[in-house]
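A short worksheet on the structure shown next.
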Amino acid sequence: MSRNPCARVARGLALFRGVNERRIGTATREARLVRLSSGEALVRRGGPLPGLCALASGSLKLSVSPRPRDERVLALVAAGESFGEAAALRAAPAPFDAVAVTDAEVLAIPVEAIELLARRDPAFARNLLDRLAAEILRLLAGIEAGMLQRAPQRLASYLCTLAGSDGAAARRVSLPVTKTVVAAILGVKKETLSRLLRDLSDRRLIAVSRREITILDRARLEGVR
């Protein structure tokens, strides 16, 4: 059993799926775990990332603020997910603020170790390429939604995504973050989000109880325009 806590965390990451224990241990020998309190920033936009990063526990938001008090959340990072790969590999400044939504622990692996592992291990290189490709597609989907979808459509799509593929007539989901953060994800004000939720509730598409949302009519919710 490895005594390296960073190696133990790395073994649970999709990025290291199929990579043998010895190579994981070598890659994480100089890695470190960064503990963050809720609301604490790992990095601010324009600052240096501490390496290739992955969330060991808790949750994190990646956001930009084009104007004061006007935050747009680009992504929520859950435990087991990596982030900021492109900027880390290019030694580029962070293109976002990375802030803990809850108490969190971040695994930071030196880029030199990642580059060496990618050259030596085909499974890791493939995982890294898959991750970069998925991130590009996610960003493009976000741009498309922002340009082509109205706010009610974005909210309906978000709720259906939370519900997953379960086709049950009624499905309860919990908002994973505060309504303020959800509003920032959708690119609307918190007041607008509250109004949209009331509208969907009045139309009997959903029922709302604080952060608990029950989808009453998924077919109609998916058809919101």
Heavy-atom neighbours of E30 CD exceed 12 at 6.0 Å: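 Open.
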Heavy-atom neighbours of R138 CZ exceed 12 at 6.0 Å: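 Yes, enclosed.
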State, yes or no, whether a side-chain contact exists between [X] and [Y] at a heavy-atom distance under 4.5 Å.
X    : Y    : answer
L33  : V9   : yes
L36  : V106 : yes
L197 : K179 : yes
L60  : V99  : no
F83  : L42  : yes
R32  : P50  : yes
L76  : P176 : yes

Given 3.5 Å as the limit, does a donor-acceptor pair link the side chain of [X] with the main chain of [Y], or not?
X    : Y    : answer
Q153 : R150 : yes
R171 : A163 : yes
R154 : L186 : yes
R72  : A184 : yes
D103 : S38  : yes
R211 : V177 : yes
E81  : A78  : yes
T192 : V188 : no

Please name the pair of heavy atoms, one in [X] and one in [Y], separated by the smallest distance, quoted to 0.1 Å.
X    : Y    : value
G25  : A7   : CA-CB, 4.4 Å
A79  : A56  : CB-O, 3.8 Å
A88  : G51  : CB-O, 3.6 Å
P93  : A87  : O-CB, 4.0 Å
P95  : V64  : O-CG1, 3.5 Å
C160 : E222 : SG-CG, 3.5 Å

Roughly how far apart are [X] [atom1] and [Y] [atom2], rounded to 0.5 Å?
X    : Y    : atom1 : atom2 : result
L216 : L221 : CG    : CG    : 9.5 Å
N20  : T26  : CG    : OG1   : 8.5 Å
K189 : S194 : NZ    : OG    : 13.5 Å
L117 : R23  : CG    : CZ    : 7.0 Å
S201 : L196 : OG    : CG    : 12.5 Å
L89  : E115 : CG    : CD    : 6.5 Å

In one Ile/Leu/Val/Met/Phe/Trp/Tyr side-chain cluster, 4.5 Å: [X], [Y]:
X    : Y    : result
V111 : L55  : no
V101 : L193 : yes
L13  : L62  : no
I109 : V43  : no
V208 : L200 : yes

side-chain contact (heavy atoms from CB on, under 4.5 Å) between I24 and R11, intermediate numbers included: CA-CA 7 Å; I24 292 175; R11 281 198 296 272; 3.8 Å; yes
Candidate pair I215 and L205, rule side-chain contact (heavy atoms from CB on, under 4.5 Å), full reasoning: CA-CA 6 Å; I215 296 176; L205 302 182; over 6 Å; no
Pairing residues for F16 by the ring pair (Phe, Tyr, Trp, His ring centres under 6.0 Å) criterion, not counting sequence neighbours: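 Ring pair (Phe, Tyr, Trp, His ring centres under 6.0 Å) list for F16, sorted by chain: F124.
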Under a 4.0 Å N-O cut-off, is there an ion pair linking [X] with [Y]?
X    : Y    : value
E135 : R131 : yes
E71  : K61  : yes
R203 : D199 : yes
D97  : R45  : no

Test salt bridge (Lys or Arg N to Asp or Glu O under 4.0 Å) applied to R195 and E191, step by step: CA-CA 6 Å; R195 177 176 56 78; E191 297 78 11; over 6 Å; no
Intermediate values then yes/no, side-chain hydrogen bond (donor to acceptor under 3.5 Å, both in side chains), T28 and N4: CA-CA 8 Å; T28 57; N4 178 355; 3.2 Å; yes
side-chain contact (heavy atoms from CB on, under 4.5 Å) evaluation trace for I185 with V181: CA-CA 6 Å; I185 293 171; V181 175; 4.3 Å; yes
Derivation of the side-chain contact (heavy atoms from CB on, under 4.5 Å) call for I206 and T214: CA-CA 5 Å; I206 64 172; T214 301; over 6 Å; no
